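Notes follow the structure.
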Amino acid sequence: MVAGNGLFYPILGFVSCVVFIYMSFGDLRPSSREEATLSFVKRNETQLMLDGRPFYINGWNSYWFMVHSVDESSRPRVRAMLQAGAKMGLTVCRTWAFNDGDYNALQISPGRFDERVFQALDYVIAEARQQGIRLLLALVNNLHAYGGKTQYVKWAWEEGIGLSSSNDSFFYDPSIRSYFKNYVKTVLTRKNTITGVEYRNDPTILGWEIINEPRCMTDPSGDTLQDWLEEMSAFVKLTDKNHLVTIGLEGFYGPNDPKGHTVNPEEWASRLGSDFIRNSGIANIDFTSVHIYPDHWLKTYDFEVNLRFVTKWMHSHIEDGGKVLKKPVLFSEYGWSDLIKNFSVSDRERMYRTILDIIYKSAKKNRSGAGALVWQFLGEGMNEFEDDFWMIPWKGSSTYFLFLQQSCRLAKVTGWSTQQDRSFTDACKKI
């Protein structure tokens, strides 16, 4: 697929950008931007809005920020990553605001919190504000990593009050619902020990993601998950009237949606107990969330097939956001695995360029495709966090340029912000 507006980079422009990258990241000096009062990101029907202007996002995932900020020795990596994001013109980072019962757990057991870890999350939010980056904070995991819904079920079962040992009882057990509500309230009303601002009053936070990649496979009808999402989204809004709320969906269409047959990657995707349209239509959900992992979802190694799927997948959800849901659509995770057969960096960059071009065209036309967050960025010496998608952005000059170029394009469409890093605005002039 040809990049939007034909913006392939000429050799000379590319070389000058590479020089800029290495000059900029040689010492990761503190960013230079005008201090300004932050505003909350809002929604106007199908668009995210900031200071009265459309806000289209080019961002990334670094889920490890909180756990990496517990120890003073590893905190510099968090600052370096946020500085890197600012220099690339990235505006949002998605990260975990949970760690349940695991090593360096934030929630040790139901209602018991480690103040040391909470102060690490304080640091992440304060540092993000300093660097002009907003955070999308996820509140629990559907998966096992960092505790997740399985840990909540285990707690209830060990206390002898759990209805079932199935981890899907997280969604219907009243005791576990109470555990989670208490957790949500504790986080949202937390007063940051560095800034003195309660989380619910801090515009550094873009919004709350209720749960990462929810599935309730024991009820493929979707009723159980729908009921839980309605209750929890209402509770978040009751506690915090300032921030946007999203779910954390992968974006699969449900069993009663015709797109389950025409757009979903395969038949299994409609039997997971989630439903993109039904779930996202909940009144207290402000913007939708969709993930993009064609190499994990499709049983084919054909790159062109995967690329066509991604294009169709994104256009379908953007259309739904604009015409059906009347809400913005954020592609909050996307990745192309380096474990796939015949993997190449050039294929990965082509896939990512396709995704970014679709967002750029959405921004130019004021459509509902609100942005995309790549999975995932790491810093130096973080081998234990590596997966098959990780990147150190400043290590690959062409990959770095791809994200920088997208930030520049979006800034030219939506307007430049005084909070943007000056080295970023200077770099855009060279493209």
Side-chain angles (χ1 to χ4, degrees), residues 4 41-50 53-59 91-92 94 134 136 138 206-214 222 225-226 229-230 233 236-237 243-254 256-265 269-270 272 274-294 297 309-334 354-374 406 409-410 413-414:
V41 177
K42 300 294 185 181
R43 173 172 74 94
N44 182 14
E45 292 193 347
T46 62
Q47 288 183 306
L48 297 178
M49 305 293 291
L50 179 60
R53 297 186 301 189
F55 182 59
Y56 286 88
I57 296 168
N58 186 29
T91 50
V92 173
R94 176 172 173 263
R134 281 179 168 77
L136 177 58
L206 168 77
W208 304 105
E209 180 181 284
I210 300 175
I211 178 171
N212 175 52
E213 298 189 342
L225 180 59
Q226 181 75 7
L229 289 171
E230 288 176 354
S233 60
V236 172
K237 283 291 189 180
H243 287 105
L244 302 173
V245 177
T246 192
I247 295 173
L249 294 170
E250 293 160 282
F252 301 128
Y253 294 96
N256 299 318
D257 193 318
K259 287 189 173 182
H261 301 287
T262 60
V263 181
N264 273 354
S270 64
L272 305 175
S274 64
D275 185 332
F276 173 71
I277 297 294
R278 187 184 181 196
N279 299 156
S280 301
I282 295 170
N284 288 304
I285 298 302
D286 295 297
F287 64 93
T288 73
S289 44
V290 181
H291 293 178
I292 308 174
Y293 290 109
W297 296 345
F309 166 78
V310 167
T311 301
K312 183 178 182 180
W313 179 254
M314 292 185 70
H315 284 310
S316 175
H317 287 84
I318 291 171
E319 180 182 37
D320 290 334
K323 296 181 179 179
V324 180
L325 297 167
K326 308 295 184 185
K327 297 180 182 183
V329 180
L330 178 66
F331 297 91
S332 52
E333 287 187 27
Y334 65 92
T354 297
I355 292 167
L356 298 177
D357 285 345
I358 292 172
I359 296 301
Y360 173 60
K361 291 173 183 176
S362 177
K364 286 189 70 178
K365 296 177 181 178
N366 294 316
R367 296 189 68 196
S368 67
L373 310 176
V374 69
Q406 175 74 350
R409 295 196 297 179
L410 292 180
V413 168
T414 61

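Remember, it's a predicted structure, so these values are computed and weren't measured experimentally.
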Testing the basics here: between [X] and [Y], what is the closest heavy-atom pair and its distance to 0.1 Å?
X: Ser362; Y: Ser368; value: OG-N, 3.8 Å
X: Arg43; Y: Lys326; value: NH1-O, 3.2 Å
X: Ile359; Y: Ala372; value: CG1-CB, 4.1 Å
X: Pro214; Y: Ser274; value: O-CB, 3.8 Å
X: Gly321; Y: Thr46; value: O-CG2, 3.7 Å
X: Asn279; Y: Ile285; value: O-CG1, 4.1 Å

TODO: Take Glu333 and Arg94 through the test side chain to side chain contact (heavy atoms under 4.5 Å, CB included) and record every step on the way to the result.
DONE: CA-CA 9 Å; Glu333 287 187 27; Arg94 176 172 173 263; 2.7 Å; yes

Could you tell me the separation between the [atom1] atom of [X] and the [atom2] atom of [Y], rounded to the nearest 0.5 Å?
X: Ile358; Y: Ile318; atom1: CD1; atom2: CD1; value: 6.5 Å
X: Tyr334; Y: Met314; atom1: OH; atom2: CE; value: 8.5 Å
X: Leu206; Y: Leu373; atom1: CG; atom2: CG; value: 8.5 Å
X: Ile282; Y: Ile210; atom1: CD1; atom2: CD1; value: 7.5 Å
X: Leu50; Y: Lys42; atom1: CG; atom2: NZ; value: 11.0 Å
X: Ser233; Y: Trp208; atom1: OG; atom2: CH2; value: 15.0 Å

Open item on the list: Under the rule for ring-ring contact (aromatic ring centres under 6.0 Å, His included), what residues qualify as partners of Tyr253, not counting sequence neighbours?
Closed with: Phe276, His317

Open item on the list: Between Gln226 (side chain only) and Arg278 (backbone N and O only), is there a donor and an acceptor less than 3.5 Å apart?
Closed with: yes

Report yes if the side chains of [X] and [Y] come closer than 4.5 Å at any heavy-atom pair, otherwise no.
X: Asp257; Y: Ser270; result: no
X: Val290; Y: Val329; result: yes
X: Phe331; Y: Ile355; result: no
X: Leu136; Y: Ile57; result: no
X: Leu330; Y: Thr246; result: no
X: Lys237; Y: Asp286; result: yes
X: Ser280; Y: Lys327; result: no
X: His291; Y: Asn212; result: yes

Open item on the list: Please enumerate all residues that pass side-chain contact (heavy atoms from CB on, under 4.5 Å) together with Lys312, with sequence neighbours excluded.
Closed with: Val263

Task: Short N-O contact, Asp275 and Lys259, less than 4.0 angstrom - done: no

- [ ] Take Leu356 and Val374 through the side chain to side chain contact (heavy atoms under 4.5 Å, CB included) test and state the conclusion after the steps.
- [x] CA-CA 10 Å; Leu356 298 177; Val374 69; over 6 Å; no

Open item on the list: Please evaluate residues Asn264 and Trp313 with respect to the criterion side chain to side chain contact (heavy atoms under 4.5 Å, CB included), reporting the C-alpha separation (whole Å), side-chain torsions for both, the decisive distance (0.1 Å), and the verdict.
Closed with: CA-CA 8 Å; Asn264 273 354; Trp313 179 254; 3.9 Å; yes

Task: Trace of the side chain to side chain contact (heavy atoms under 4.5 Å, CB included) decision for Val413 with Tyr56 - done: CA-CA 9 Å; Val413 168; Tyr56 286 88; 5.8 Å; no

- [ ] Decide yes or no on ring pair (Phe, Tyr, Trp, His ring centres under 6.0 Å) for Phe252 and Trp297, but give the supporting numbers first.
- [x] CA-CA 11 Å; Phe252 301 128; Trp297 296 345; 4.8 Å; yes

Open item on the list: Distance alone, cut at 3.5 Å: any donor-acceptor contact between the side chains of Gln47 and Asn366?
Closed with: yes

